[in-house]
Amino acid sequence: MPEGHTLHRLARLHQRRFAGTHVAVTSPQGRFTDAETIDGRVLTRASAWGKHLFHHYEGGPIVHVHLGLYGTFTEAPAPMPAPVGAVRMRIVGTEYGTDLRGPTACEVIDEAQASAILDRLGPDPLRSDADPALPWARISRSRKPIGALLMDQTVIAGVGNVYRNELLYRHHIDPYRRGRDVGEAEFAQAWSDLVALMKTGVRRGTIVVVAPEHDHGAPSYAPDRPRTYVYRRAGEPCRVCGTPISTAEMEGRNVFWCPTCQT
DNA sequence: GCAAAATGTCAAG
DNA sequence: TTGACCTTTTGCA
């Protein structure tokens with residue numbers, strides 16, 4: 001489920017599992033050919049910005065990972081079992097190992113290349129130094145729909161299709177409304193809500209945005225507890241007003257909204 | 001057993 | 001704007 005919260009959670013996990021220790025890095029599948037150049041080095045730090053994950057190694061090299069649509073990490077206690085399926089990268093530390101499958105990017109880069117990646121990214125709501133004035137400057141001047149602007153990683157880094165749709169629902173904003181027609185106070189509220197929602201996502205390991213008063217009293221441990229208001233709920237009734245949820249394609253991605261609650 | 005879908009990005013035209 | 005790509009899981013025969 002790779003939106004920004006997933007990558008921050010992984011960075012935190014990998015930091016705890018591997019930072020400060022020598023790790024074995026291999027590519028059982030063989031496509032990560034640079035694995036040998038970092039095999040056996042000390043992983044000094046793991047960090048995330050938006051949907052990008054970085055493993056910093058002693059001596060300077062950085063492994064840059066982007067999960068894309070289907071990339072996943074799994075972990076198991078060491079010693080690791082034989083790899084199953086197409087494992088692009090396997091990292092084994094003293095107590096745990098982790099396998100990476102299906103990423104869009106898994107490559108060794110240097111400091112300059114890492115900076116170049118960060119230069120293309122907007123503020124990340126999960127980072128304490130994120131300045132909402134930057135996305136606001138872009139949004140308030142744009143004729144593009146707010147639904148598209150929120151997905152633009154140069155505007156805000158880390159928001160994906162679920163957070164985009166859910167955030168707009170929670171703030172009663174139609175995804176087709178132009179950026180310049182979003183109010184400043186409205187944006188400020190949405191930003192602080194986004195920060196809170198994504199922090200919850202990091203903590204829970206999954207996206208949960210439905211307020212208790214809208215989940216029909218389902219206990220928090222219920223496996224079928226509703227997690228979203230609109231995402232992938234096309235045709236189902238809005239949890240607040242009962243209107244069927246609409247869906248359409250916007251710039252190649254599915255957008256979902258309630259035509260009554262969002263204007 | 002096979003097709004379709006999935007929370008993403010990039011490059012070609 | 002369209003298609004390609006990375007891999008697993010789900011659903012339907």
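Chain letters run A, B, ... following the sequence lines, proteins first, then strands; residues in each count from 1.
Classified by interplanar angle (parallel below 30°, tilted 30° to 60°, perpendicular above 60°), the ring pair A/Tyr163/A/His5 is perpendicular.
Here the P atom of nucleotide B/dT7 and the CG atom of A/Leu53 are 21 Å apart, to the nearest Å. In this structure, CZ of A/Arg164 is placed 13 Å from P of B/dA6, rounded to the nearest angstrom. Rounded to whole angstrom, the span from the CD atom of A/Glu251 across to the P atom of C/dG3 amounts to 17 Å. The CD1-P distance, from A/Ile207 to B/dT7, rounds to 11 Å in whole Å. At whole-Å resolution of the value, CE in A/Met151 and P in B/dC10 are 13 Å apart. Distance, A/Lys51 NZ to B/dT9 C1': 9 Å, rounded to whole Å. The interatomic distance linking A/Leu69 (CG) with B/dA4 (P) rounds to 17 Å, in whole Å. What separates OH of A/Tyr163 from P of B/dA6 is a distance of 19 Å, to the nearest Å.
The ring of A/Phe54 has its center no closer than 6.0 angstrom to the ring center of A/Trp49.
Using atom P as the reference point in both C/dT9 and B/dT9, the two lie 22 Å apart (nearest Å). Separation of the C1' atoms belonging to C/dT8 and B/dC10 is 22 Å when rounded to the nearest angstrom.
Residue-level contact check: A/Glu249 touches neither bases nor backbone, having no heavy atom under 4.0 Å from any strand. Backbone-only contact: A/Gln153 has heavy atoms under 4.0 Å from sugar-phosphate atoms and none from a base.
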(message) Run A/His14 and A/Phe73 through ring pair (Phe, Tyr, Trp, His ring centres under 6.0 Å) and show every step you take.
(response) CA-CA 10 Å; A/His14 295 165; A/Phe73 278 97; 4.8 Å; yes
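At B/dT9, one or more side-chain N or O atoms of A/His66 fall inside 4.0 Å of OP1 or OP2 (strictly under the cut-off).
Of the candidates B/dA6, B/dC10, B/dG8, the closest approach to any side-chain atom of A/Arg120 belongs to B/dC10. Across B/dA6, B/dT9, C/dT7, the shortest atom-to-atom separation from the side chain of A/Arg31 is found for C/dT7. Proximity note for A/Arg88 (side chain, C-beta onward) versus B/dG8, B/dT7, C/dT7: the nearest is C/dT7.
Cation-pi geometry between A/Arg17 and A/Tyr96 is met: the NZ or CZ atom falls under 6.0 Å from the ring centre, inside 45° of the normal.
Evaluation of the salt bridge (charged side-chain N to carboxylate O under 4.0 Å, His left out) rule for A/Asp174 yields no partner, not counting sequence neighbours.
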